[in-house]
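Before any comments, here is the structure.
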Amino acid sequence: MGRWKVRDVHLHVVERGSGPPLLLVHGFPLDHAMWAAQLEDLSRDARVIAPDLRGFGASDSGGDVVLMEDFADDLAALLDVLGIAEPVVFCGLSMGGYIAWQFVRRHRARLRGLVLCGTRAAADAPVAAEARRVNAERVLREGAGFLADAMLEKLVAAETRQRRPDLVAALRRTVLAASPQGLAAALRGMAARPDASPWLPQMELPALVVCGSEDALSSVEEMRGLANRLPQARFVEIAGAGHLSPLEQPPAVNAAVRSFLALPELSTARR
Ligand code: MLT
């Protein structure tokens, strides 16, 4: 656990294990804690690094608009600060996946592979982008309560909501603890993100696409389509999970990631 000066902010970062680096990039409006089960288990195979992105968790906020490019540049700078020169596997969930597209474009040499959980390549439709900008103003005025109410319904599968009230309560606490400035800046940044779909066929690197069977935000069809457009992707559907499959069904997600990390093409890429 540490707090590191990265560009113009301090980022809070949790690290476990040693070996090939695995960078875990959380979704909106969460923080590194969504990866608790991966930090615990995958640190047997890898050096697992889970930062709080700027504006989230215990990291500083910075800027009124944080583009996906900015988050990607923060992460590349964080690897420098941590002294990690070897290529990493970048694992992003949802907004973490939007950041992954920019990381590939801007920092390709730092990558060994990609894990994409519950995400999409398309930009927001104009109506959705406008709704994000409206929500950015609202969160600054009234705090994150309305976001927690609106999002928790959609983030996890119905089964998770019923069986794991503890998990839903912890998610709510995380959303309510987030800084309104950080949330607003990321909402504006997501609204401005470009369509990454045309870039997918050029992304020549091993990829694992992970989708919860009940994901209400990134459907199985959409994610399977995304995997089909990536030249070297495998697709895994996680039964009984919604949008947050790493949190909802950790054994299945960890097994998929572990098999991916063991692929010969990933060890070749390290040399
Ligand atoms: C996330 O989980 O990061 C969000 O669902 C992303 C989004 O709002 O598009």
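When a residue number appears, it is its place in the shown sequence, counting from 1.
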Query raised in the report: What's the verdict on side chain to side chain contact (heavy atoms under 4.5 Å, CB included) for L11 and R54, showing C-alpha distance, side-chain angles and the deciding distance?
Result: CA-CA 6 Å; L11 297 186; R54 74 165 62 208; 4.1 Å; yes
Evaluate whether atom [atom1] of [X] has more than 12 neighbouring non-hydrogen atoms of other residues, nucleotides or ligands under 6.0 angstrom away.
X	atom1	result
W4	CH2	no
K154	NZ	no
E40	CD	no
R258	CZ	yes

For the atom pair [atom1] ([X]) and [atom2] ([Y]), what is the distance rounded to the nearest 0.5 Å?
X	Y	atom1	atom2	answer
I238	E214	CD1	CD	12.0 Å
I84	L78	CD1	CG	7.0 Å
L230	L200	CG	CG	5.0 Å
R229	S197	CZ	OG	6.0 Å
F103	R108	CZ	CZ	10.5 Å
R234	L208	CZ	CG	8.0 Å

**Report entry** Residues D80, R7: salt bridge by 4.0 Å N-O rule
**Finding:**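 Salt bridge: no.
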Query - Pair L244-L171, side chain to side chain contact (heavy atoms under 4.5 Å, CB included): steps then yes or no - result: CA-CA 11 Å; L244 301 183; L171 284 171; 3.7 Å; yes
Report task. Determine, stepwise, if the pair V139 / F146 fulfils side chain to side chain contact (heavy atoms under 4.5 Å, CB included). Result -> CA-CA 8 Å; V139 84; F146 77 96; 4.0 Å; yes
Can any side-chain N or O of [X] pair as donor or acceptor with the backbone N or O of [Y] at less than 3.5 Å?
X	Y	value
Q249	G240	yes
W101	D195	no
R106	D73	no
R224	S219	no
S59	H12	yes
R161	V168	no
D52	A58	yes
D70	L67	yes
E248	G242	yes

Check [X] against [Y] and note the closest heavy-atom contact, atom names and distance.
X	Y	answer
A144	V175	CB-O, 3.5 Å
R110	A85	NH2-CA, 4.4 Å
L176	G145	CD2-CA, 3.6 Å
R132	L187	CD-O, 3.6 Å
P194	W199	CG-CH2, 3.8 Å
S218	E222	CA-OE1, 4.3 Å

Requested in this report: Could you give me the CA-CA distance, side-chain angles and deciding distance for R133 and E130, then say whether salt bridge (Lys or Arg N to Asp or Glu O under 4.0 Å) is met?
Outcome: CA-CA 5 Å; R133 288 188 286 266; E130 184 52 25; 3.2 Å; yes
Query - Heavy-atom check, side chain of V104 versus side chain of F90, under 4.5 Å - result: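 Heavy-atom side-chain distance check fails, nothing below 4.5 Å.
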Query raised in the report: How are the rings of H26 and F56 set to each other: parallel, tilted or perpendicular (split at 30° and 60°)?
Result: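 Geometry flag for F56 against H26: perpendicular rings.
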Query raised in the report: E142 and R138: salt bridge (Lys or Arg N to Asp or Glu O under 4.0 Å), yes or no, with the steps?
Result: CA-CA 6 Å; E142 42 180 280; R138 189 169 168 196; 3.1 Å; yes
Requested in this report: Start with the C-alpha gap between M151 and F28, add the side-chain angles, then the distance that decides, and say whether side chain to side chain contact (heavy atoms under 4.5 Å, CB included) holds.
Outcome: CA-CA 10 Å; M151 290 203 73; F28 176 92; 3.9 Å; yes
